[in-house]
Amino acid sequence: MPELTEVETLRRDLAAKLVGQRVREVHVLWPGSLRWCSPQDFARYLEGQSADVLSRRGKYLIFGLQGGGALIFHLGMSGRLLLGAQGEEPGKHTRLILEFDGQRQLRFDDPRKFGRVCLVRDAEKVVGKLGPEPLGNEFSAEVLCSLLEGRSRRLKPLLLNQQFIAGLGNIYADEALFEAGLNPCMRACDLDKGEIARLCAAIKEVLERALHNRGTTLSDRSYGDAYGREGRNQEQLRVYGRAGQPCPRCGTAIQRITLEGRGAHFCPRCQRLKKEEKRG
DNA sequence: AAAGCACCCTGTACGC
DNA sequence: TGCGTACAGGGTGCTT
């Protein structure tokens, strides 16, 4: 599923081809993908527009429009943005097509329909409440420390909360916790300074590695870049989706538990809970 | 503030 | 071969 690094990889691919290109024609095949906008208004505003900047915030991809406003995509679990040739036929799960001048097409495919497309005057309406960007300079151990302060929530659900940190999904949250040697059930306020520094570094490290590898494509193939190509980071995963397999560090079987309705993968030996935390 | 739940949706994996 | 069912996931919204 597309998380920060997958969206960032897409952003780079798409920016190189689409910035400055004029939208010639819009086809909304599944209106359910649109938020706060009828297919008619959507097409009317977009046709003739072009994006002068393509940015990303968390898992959101933002086309800054030349005439004002923003076109924003969230890929949900299975959304893909694909560059194609002009007039290319829609696939079974194609929800939206933008035909550009210059014989290029951008297709939004989304089998599970969890993705969303918004056309807004101000992007802040969509991304305004997101937490800090973990790869940005503004994210540091000090910042993480103040974010964690007073929070009694367990670490893993907190990392998945986009208002806490933007862009982490289930894969990279599990991987970061493994890298930092922290148990997903640990209470946020119980982390000491050293653990916070480790977690901060682990988040950046895991994301940077995934970015270098052009994202993670799991066996469900729910992620591909703008040309449908798979990422390579799945080979680097230490715990996610590896329940029962040996921990790469110590050989103990990786465990999978459910935390607030989401799967969490960890090594019970490398990511131990301290005794006093178990009682809480 | 935390946690639990239902909901959205469908491809896949499983048991029979 | 095929049917039914459970499950996975991110985000939102509601309730306790």
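Computed from heavy atoms alone, side chains included, the values below leave out hydrogens, waters and symmetry copies. Being a predicted model, the structure only gives us computed values, none of them experimental. Lettering of chains follows the sequences in order, A, B, ..., and the numbering in each one begins at 1.
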Peer 1: Where the side chain of A:Pro111 is concerned, which of C:dG11, C:dG10, B:dG11 is the nearest nucleotide?
Peer 2: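 Given the options C:dG11, C:dG10, B:dG11, the side chain of A:Pro111 is closest to B:dG11.
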Peer 1: If you check the A:His74 side chain, which of C:dG11, B:dA2, C:dA8 turns out closest?
Peer 2: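 My answer, after comparing the listed nucleotides, is C:dG11.
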Peer 1: A cation-pi test, strictly: NZ or CZ of A:Arg11 under 6.0 Å from the centre of the six-membered ring of A:Phe63 and no more than 45 degrees from its axis. Yes or no?
Peer 2: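 No.
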Peer 1: Measuring from the side chain of A:Met77 (C-beta onward, heavy atoms only), which nucleotide among B:dA2, C:dG10, B:dC9 has the closest atom?
Peer 2: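 So the side chain of A:Met77 is nearest to C:dG10.
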Peer 1: Which nucleotide in the list B:dA3, C:dG11, C:dA8 gets nearest to the side chain of A:Gln162?
Peer 2: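 Nearest to the side-chain atoms of A:Gln162, counting from C-beta on, is C:dG11.
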Peer 1: Among the candidates B:dG4, C:dG11, C:dA8, find the nucleotide nearest to the side-chain atoms of A:Glu260.
Peer 2: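 Taking heavy atoms from C-beta onward, the closest nucleotide is B:dG4.
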Peer 1: Among C:dG9, B:dA3, B:dA2, which nucleotide has an atom closest to any side-chain atom of A:Arg154?
Peer 2: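 So the side chain of A:Arg154 is nearest to B:dA3.
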Peer 1: At under 4.0 Å between heavy atoms, what does A:Gly32 touch on the DNA or RNA strands: base, sugar-phosphate, or nothing?
Peer 2: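 The residue A:Gly32 makes no contact with any strand.
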Peer 1: Which nucleotide wins on minimum distance to the side chain of A:Phe114, given the candidates C:dG9, C:dT12, B:dG4?
Peer 2: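 Nucleotide nearest to A:Phe114's side chain: C:dG9.
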Peer 1: Using the side-chain heavy atoms of A:His265, tell me which of these nucleotides is nearest: B:dG11, C:dG10, C:dG9.
Peer 2: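 Selected nucleotide (nearest to the side chain): C:dG9.
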Peer 1: Give a yes or no on this: more than 12 heavy atoms of other residues, nucleotides or ligands lie within 6.0 Å of atom CZ of A:Arg269.
Peer 2: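 Count not over threshold, so no.
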Peer 1: Output the single nucleotide from B:dA3, B:dT10, C:dG11 whose closest atom is nearest the side chain of A:Arg262.
Peer 2: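 Nearest to the side-chain atoms of A:Arg262, counting from C-beta on, is C:dG11.
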Peer 1: Mind checking if A:Tyr240 touches a base, just sugar-phosphate, or nothing, with heavy atoms under 4.0 Å?
Peer 2: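 Counting heavy atoms under 4.0 Å across all strands, the contact made by A:Tyr240 is with sugar-phosphate only.
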Peer 1: Side chains of A:Tyr172 and A:Thr5: donor-acceptor distance under 3.5 Å anywhere?
Peer 2: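 Note: A:Tyr172 and A:Thr5 side chains meet the donor-acceptor criterion.
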Peer 1: Is it the case that the side chain of A:Gln66 and the backbone of A:Ser50 share a donor-acceptor pair, with hydrogens and angles ignored and the cut-off at 3.5 Å?
Peer 2: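 A pair under 3.5 Å: no.
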Peer 1: Just the rounded figure in Å: distance from P of B:dC5 to CG of A:Leu259.
Peer 2: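 So the CG-P distance, A:Leu259 to B:dC5, works out to 13 Å.
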Peer 1: Give me the one residue out of A:Val7, A:Ile171, A:Thr9, A:Asn233 that meets side-chain contact (heavy atoms from CB on, under 4.5 Å) with A:Tyr223.
Peer 2: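 With A:Tyr223 as partner, A:Val7, A:Ile171, A:Thr9, A:Asn233 yield a single side-chain contact (heavy atoms from CB on, under 4.5 Å), made by A:Thr9.
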Peer 1: Nearest heavy atom decides the nucleotide; on that basis, is A:Trp30 or A:Arg153 closer to the 5' end of DNA chain B?
Peer 2: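 Of the two residues, A:Arg153 wins.
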Peer 1: Given axes from five pairs at either end, by how many degrees does the helix from B:dA2-C:dT16 to B:dC16-C:dG2 bend, rounded to 10°?
Peer 2: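 Result, rounded to 10 degrees: 50°.
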